[in-house]
Student: 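My structure is below; once you've seen it, I'll send some questions.
As the structure is a prediction and not an experimental result, all values here were calculated from the model.
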Amino acid sequence: MGDNPATNNSHGDEAIKAHIEHLVRTNLPNSAIYNFLLSDVRIVYATPGTVKARLTLTRNHVNSSGGIHGAVSATITDWAGGMAIATWDLRAKTGVSVDIHVRYLSSAREGDEIEIEGTAEKVGGSLAFTRIVISKVVDGVVGPVVASGTHTKYVKVREPPK
């Protein structure tokens, strides 16, 4: 299961994108913070191990100085790591966070569009390791990196009691 998903996953890109869109529709409303910050997120691309989404920043996403809030970047890192894991094998449960690191490299403001790219670098039997890049979109093209992060999740599925 820890192999490169491109070689061990036979799901087509459209099936993967549809799976992630389904998770967004069904799971975001169940999380107050995700629903508040990510209700307008759009999945633009998904392949085994990778998901890309876009989000236009609103007043809810910025700090008192008008730049994207660090907590928003951290929340996006958390969410995108889980979505990247879900692309690996179309799982619905993406585990629980073990470790998150976020580096804040530049900023984006209200009205700016950002692109979120989540990559599952390895999904094993117990742990999954992801990398996230949040970039500002300039004239429709991915521009400067706003934040980047890593997210490790515990993904082992527990056996139901017998």
Side-chain angles (χ1 to χ4, degrees), residues 13-47 49-121 123 127-155 157-158:
D13 293 354
E14 285 306 311
I16 296 168
K17 184 174 183 261
H19 175 66
I20 299 304
E21 288 170 336
H22 172 76
L23 290 179
V24 168
R25 276 191 317 275
T26 58
N27 292 351
L28 277 185
N30 297 324
S31 168
I33 191 70
Y34 285 169
N35 196 40
F36 180 72
L37 294 175
L38 299 171
S39 61
D40 294 328
V41 74
R42 300 174 320 281
I43 305 303
V44 296
Y45 176 84
T47 59
T50 302
V51 63
K52 290 184 183 180
R54 290 206 174 177
L55 177 69
T56 300
L57 299 180
T58 69
R59 194 179 100 203
N60 294 335
H61 299 111
V62 299
N63 60 28
S64 59
S65 298
I68 186 171
H69 198 290
V72 171
S73 297
T75 301
I76 289 171
T77 298
D78 182 24
W79 172 80
M83 293 300 96
I85 292 166
T87 68
W88 191 272
D89 56 7
L90 301 184
R91 68 182 65 199
K93 304 282 185 190
T94 62
V96 295
S97 298
V98 172
D99 187 60
I100 290 181
H101 290 271
V102 182
R103 296 182 317 148
Y104 304 97
L105 304 169
S106 66
S107 193
R109 305 187 74 70
E110 181 178 349
D112 286 344
E113 183 177 45
I114 58 170
E115 181 165 289
I116 304 153
E117 180 174 3
T119 304
E121 295 179 328
V123 178
L127 294 175
F129 302 89
T130 68
R131 179 176 31 86
I132 291 75
V133 177
I134 303 166
S135 302
K136 185 174 173 179
V137 176
V138 180
D139 297 325
V141 178
V142 176
V145 175
V146 173
S148 66
T150 58
H151 187 199
T152 304
K153 295 188 84 172
Y154 180 74
V155 295
V157 179
R158 288 203 224 185

Student: Run the side-chain contact (heavy atoms from CB on, under 4.5 Å) test on Glu121 and Thr152 for me, step by step, so that the C-alpha distance in whole Å, both residues' side-chain angles and the decisive distance to 0.1 Å come before the verdict.
Tutor: CA-CA 10 Å; Glu121 295 179 328; Thr152 304; over 6 Å; no
Student: Taking atom CZ of Arg103 and atom OG1 of Thr150, what is their separation to the nearest 0.5 Å?
Tutor: 9.0 Å
Student: Less than 4.0 angstrom from a charged side-chain N to a carboxylate O is my criterion; do Glu21 and Lys17 meet it?
Tutor: yes
Student: Given side-chain contact (heavy atoms from CB on, under 4.5 Å), test Val72 with Asn60 step by step and report yes or no.
Tutor: CA-CA 9 Å; Val72 171; Asn60 294 335; over 6 Å; no
Student: So, Thr130 and Lys153: side-chain donor and acceptor under 3.5 Å apart, yes or no?
Tutor: no
Student: Starting at OH of Tyr45, measure out to CD1 of Ile16 and round the result to the nearest 0.5 Å.
Tutor: 9.0 Å
Student: Closest heavy-atom contact between Tyr34 and Leu28?
Tutor: CB-CD2, 3.2 Å
Student: I need the minimum non-hydrogen distance between Arg91 and Leu23, along with the two atoms involved.
Tutor: O-CD1, 3.9 Å
Student: How many angstroms lie between atom NE2 of His151 and atom CG of Asp78, to the nearest 0.5 angstrom?
Tutor: 4.5 Å
Student: Under a 3.5 Å cutoff, is there a donor and acceptor pairing between the side chains of Asp40 and Thr56?
Tutor: no
Student: Just to verify, what does Arg59 make a side-chain contact (heavy atoms from CB on, under 4.5 Å) with, not counting sequence neighbours?
Tutor: Glu110
Student: Less than 4.5 Å apart, any side-chain heavy atom of Glu117 and any of Val44?
Tutor: no
Student: Side-chain contact test, heavy atoms from C-beta onward, threshold under 4.5 Å: evaluate it for Pro144 versus Val138 and give yes or no.
Tutor: yes
Student: State, to 0.1 Å, how close Ile68 and Ser107 come at their nearest heavy-atom pair, and which atoms those are.
Tutor: N-OG, 3.6 Å
Student: Once you round to the nearest 0.5 Å, how far does OG1 of Thr94 lie from CH2 of Trp79?
Tutor: 11.0 Å
Student: Is any side-chain heavy atom of Leu37 closer than 4.5 Å to one of His61?
Tutor: yes
Student: Indicate the atoms forming the closest heavy-atom contact of Asn35 with Ser39, along with that distance.
Tutor: O-CB, 3.1 Å
Student: Which pair of heavy atoms, one from Ser73 and one from Val102, lies closest together, and at what distance?
Tutor: CB-CG1, 4.3 Å
Student: Val133 versus Val142: any side-chain heavy-atom pair under 4.5 Å?
Tutor: no
Student: Without swapping roles, check the side chain of Thr87 against the backbone of Thr50 for a donor-acceptor pair under 3.5 Å.
Tutor: yes
Student: With rounding to the nearest 0.5 angstrom, report the CD1 to CD1 distance, Ile132 to Ile116.
Tutor: 10.0 Å
Student: In chain order, what residues pass the side-chain contact (heavy atoms from CB on, under 4.5 Å) check against Asn63, with sequence neighbours excluded?
Tutor: Ser65, His69
Student: Starting at CD1 of Ile43, measure out to CE of Met83 and round the result to the nearest 0.5 Å.
Tutor: 7.5 Å
Student: What pairs of residues pass the salt bridge (charged side-chain N to carboxylate O under 4.0 Å, His left out) test when at least one of them lies in residues 133-146, not counting sequence neighbours?
Tutor: Asp112-Lys136
